[in-house]
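Report on the following structure.
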Amino acid sequence: EHHQWKKRRLSQATSSQGIREGATQGCHLRRHFSNNKILVELDEASGVAIMKLKNPPVNSLSLELLTEFSITIEKLEVDRSCRGVIFLTSAAPKIFSAGLDITEMSVQELWLLLNGSNMVTIAAINGSSPAGGCLMAMCCDFRIMADNPKYTIGLNETQLGIVAPFWLKDTITNILGHRLTEQSLQLGQMYTSALKIGLVDQLVPEDKVQSTAAYFLTDEKMHEDCNTSVVLRTLMFKALRKNSRVLCAFLREECNSVPRILSNLHKIININIYYRISL
Ligand SMILES: CCCCCCC/C=C/C(=O)SCCNC(=O)CCNC(=O)[C@H](O)C(C)(C)COP(=O)(O)OP(=O)(O)OC[C@H]1O[C@@H](n2cnc3c(N)ncnc32)[C@H](O)[C@@H]1OP(=O)(O)O
């Protein structure tokens, strides 16, 4: 039923009323799309699209936002002027994303879309980023975060009584390695020093997050810092990730069947696991 609802939303939102488009002519042609929860600015000269989440007050990943997220990615995938680079950021100050809307819970599709995308993706993390916010950033190819000790990032699921599913655990293991992942998930740790442990790739002053993400995608940066092109390396990662077809099939199945609100049973199991490991 949920799947049907999503399909209906998708066709509503892609209709001409659902997405508003505009174009401005500066030095480059910039096109803007927007729907209720996501703003997109596509610079046709560089092929860079900026996707801004706009779901006040804390940019929680509600079903509506997640549906618009899918529509936007699919739209960019087929847009020939998008060279295959997007970066994700928040339209609100101080919060990148509070993670899943705690009244709804549904995120597998976002994981599939970002991991399965052929576009290079960059998270421009301009604020706090717990749980699903961190997951969304981890699904991007690069993470650039505002250097502000007030902003934290991490998977705090354990603190919320949620058992992190294996695909979430695998995602963070790929970035942090096994031991740090264990510690991170057991304690539901939120980090202020995310660069030190490698959870983000770069810390920059708060007002430079977006420009760094954009600069990172330009040819000059590639030639300056790397012998190989960032885009080529990223396409290589993506090819590797796509090999995990079993996981994708599992997640597709889970998207359609998982209960959206977690039960108290999860809390009990999670607390038991935590005590067993920490004793
Ligand atoms: C099979 C299951 C798969 C599971 C996969 C699990 C992957 C991901 C799971 C999740 O993402 S669960 C959600 C986890 N999120 C959090 O724990 C966030 C908790 N919130 C915060 O830490 C803070 O709110 C903040 C984001 C740092 C913002 O702090 P700030 O002081 O600026 O604002 P607040 O006053 O705390 O909040 C304002 C307002 O927003 C509401 N809110 C906060 N987070 C959420 C949320 N995730 N969903 C919905 N609403 C949220 C908060 O209650 C306040 O509401 P009001 O009181 O003003 O009505």
Side-chain angles (χ1 to χ4, degrees), residues 2-3 6 36-37 53-69 88-115 123 125-140 143 145-146 148-176 181 184-192 194 199-200 206 247-271 273-274:
H2 172 55
H3 194 56
K6 263 193 177 160
N36 288 338
K37 306 287 178 191
L53 308 185
K54 175 188 63 130
N55 196 13
V58 291
N59 266 339
S60 64
L61 305 174
S62 60
L63 272 182
E64 187 181 359
L65 183 141
L66 289 168
T67 307
E68 290 183 4
F69 195 95
L88 267 178
T89 195
S90 157
K94 299 192 173 67
I95 316 285
F96 177 66
S97 167
L100 294 191
D101 189 309
I102 41 191
T103 59
E104 295 179 348
M105 302 278 183
S106 171
V107 76
Q108 292 87 340
E109 206 161 306
L110 178 144
W111 188 101
L112 279 168
L113 274 168
L114 283 174
N115 279 291
I125 309 163
N126 50 347
S128 292
S129 193
C134 176
L135 169 65
M136 185 164 59
M138 289 194 304
C139 289
C140 290
R143 283 161 289 283
M145 188 164 178
N148 182 334
K150 286 198 188 134
Y151 298 159
T152 56
I153 180 166
L155 295 178
N156 59 331
E157 275 74 0
T158 305
Q159 292 193 27
L160 306 170
I162 297 171
V163 182
F166 78 90
W167 46 270
L168 179 55
K169 183 206 72 175
D170 287 353
T171 306
I172 190 167
T173 307
N174 286 343
I175 297 169
L176 296 186
T181 295
S184 161
L185 290 180
Q186 278 172 32
L187 301 174
Q189 197 130 13
M190 293 295 295
Y191 295 97
T192 44
L199 187 53
V200 300
E206 198 157 346
L247 178 56
C248 288
F250 173 88
L251 278 173
R252 270 203 190 96
E253 185 61 30
E254 222 190 31
C255 280
N256 298 331
S257 62
V258 87
R260 301 214 318 268
I261 298 179
L262 294 165
S263 68
N264 279 336
L265 186 63
H266 281 91
K267 285 192 185 169
I268 294 161
I269 295 170
N270 202 48
I271 289 163
I273 291 172
Y274 174 69

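One-based numbering, in listed order, for ligands and for the atoms of each.
Note on ligand 1: N156 sits in its first shell, one or more heavy atoms being nearer than 4.0 Å.
Checked by distance only, ligand 1 and L168 stay at 3.5 Å or farther apart across all their nitrogen or oxygen atoms. Of the N or O atoms in W167, none lie within a sub-3.5 Å distance of an N or O in ligand 1. Residue G132 places at least one N or O, backbone or side chain, under 3.5 Å from an N or O of ligand 1. Any N or O atom pair closer than 3.5 Å counts here, and A98 shares at least one such pair with ligand 1.
Under 4.0 Å from ligand 1, the heavy atoms of L160 that appear belong solely to its side chain. When non-hydrogen atoms are compared, ligand 1 lies under 4.0 Å from neither the backbone nor the side chain of Q159.
Shown here are the side chain to side chain donor-acceptor pair (under 3.5 Å) partners of S184, two or more places apart in sequence or in another chain: there are none. Among residues two or more places apart in sequence or in another chain, the side chain to side chain contact (heavy atoms under 4.5 Å, CB included) test is passed with N174 by none.
Every atom of ligand 1 is numbered from 1 in the order shown, and the set under 4.0 Å from a heavy atom of E157 is 6 (C), 7 (C), 8 (C), 9 (C). Listed by atom number, the atoms of ligand 1 under 4.0 Å from D101 heavy atoms are 48 (N), 49 (C). Proximity to V58 (heavy-atom distance under 4.0 Å) selects the following atoms of ligand 1: 28 (C), 37 (O), 38 (C), 40 (O), 42 (N), 43 (C), 44 (N), 45 (C), 51 (C). Atoms of ligand 1 found under 4.0 Å from any heavy atom of P57 (numbered from 1 in listed order, with element): 39 (C), 40 (O). With ligand atoms numbered from 1 in the order given, ligand 1 contributes 18 (C) to contacts under 4.0 Å with heavy atoms of P130. Heavy-atom contacts of I95 reach the following atoms of ligand 1: 28 (C), 32 (O) (cutoff under 4.0 Å). Under a 4.0 Å criterion applied to the non-hydrogen atoms of L100, ligand 1 contributes the atoms 8 (C), 9 (C), 10 (C), 11 (O), 13 (C), 46 (C), 47 (N), 48 (N). When each atom of ligand 1 is checked for a heavy atom of G99 under 4.0 Å away, the hits are 11 (O).
Contact annotation: the side chain of L53 approaches that of F69 to within less than 4.5 Å [non-hydrogen atoms, C-beta and beyond]. Between S97 and V58, the closest side-chain pair of non-hydrogen atoms is not below 4.5 Å. The closest side-chain heavy-atom distance from N148 to K94 is not below 4.5 Å.
Between I125 and the options L88, V200, T89, a side-chain contact (heavy atoms from CB on, under 4.5 Å) holds for only V200.
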Problem set entry | Working for side-chain contact (heavy atoms from CB on, under 4.5 Å), residues S60 and N55 | CA-CA 7 Å; S60 64; N55 196 13; 3.9 Å; yes
Exercise. Could you walk me through whether M136 and L110 pass the side-chain contact (heavy atoms from CB on, under 4.5 Å) check?
Worked result: CA-CA 7 Å; M136 185 164 59; L110 178 144; 4.0 Å; yes
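Side chain to side chain, N126 and E206 fail the donor-acceptor criterion of an N or O pair below 3.5 Å.
Residue K37 holds its NZ atom at 7.5 Å from CD of E68, rounded to the nearest 0.5 Å.
Nearest to atom 14 (C) of ligand 1 by heavy atom, out of P93, S97, A131, is A131.
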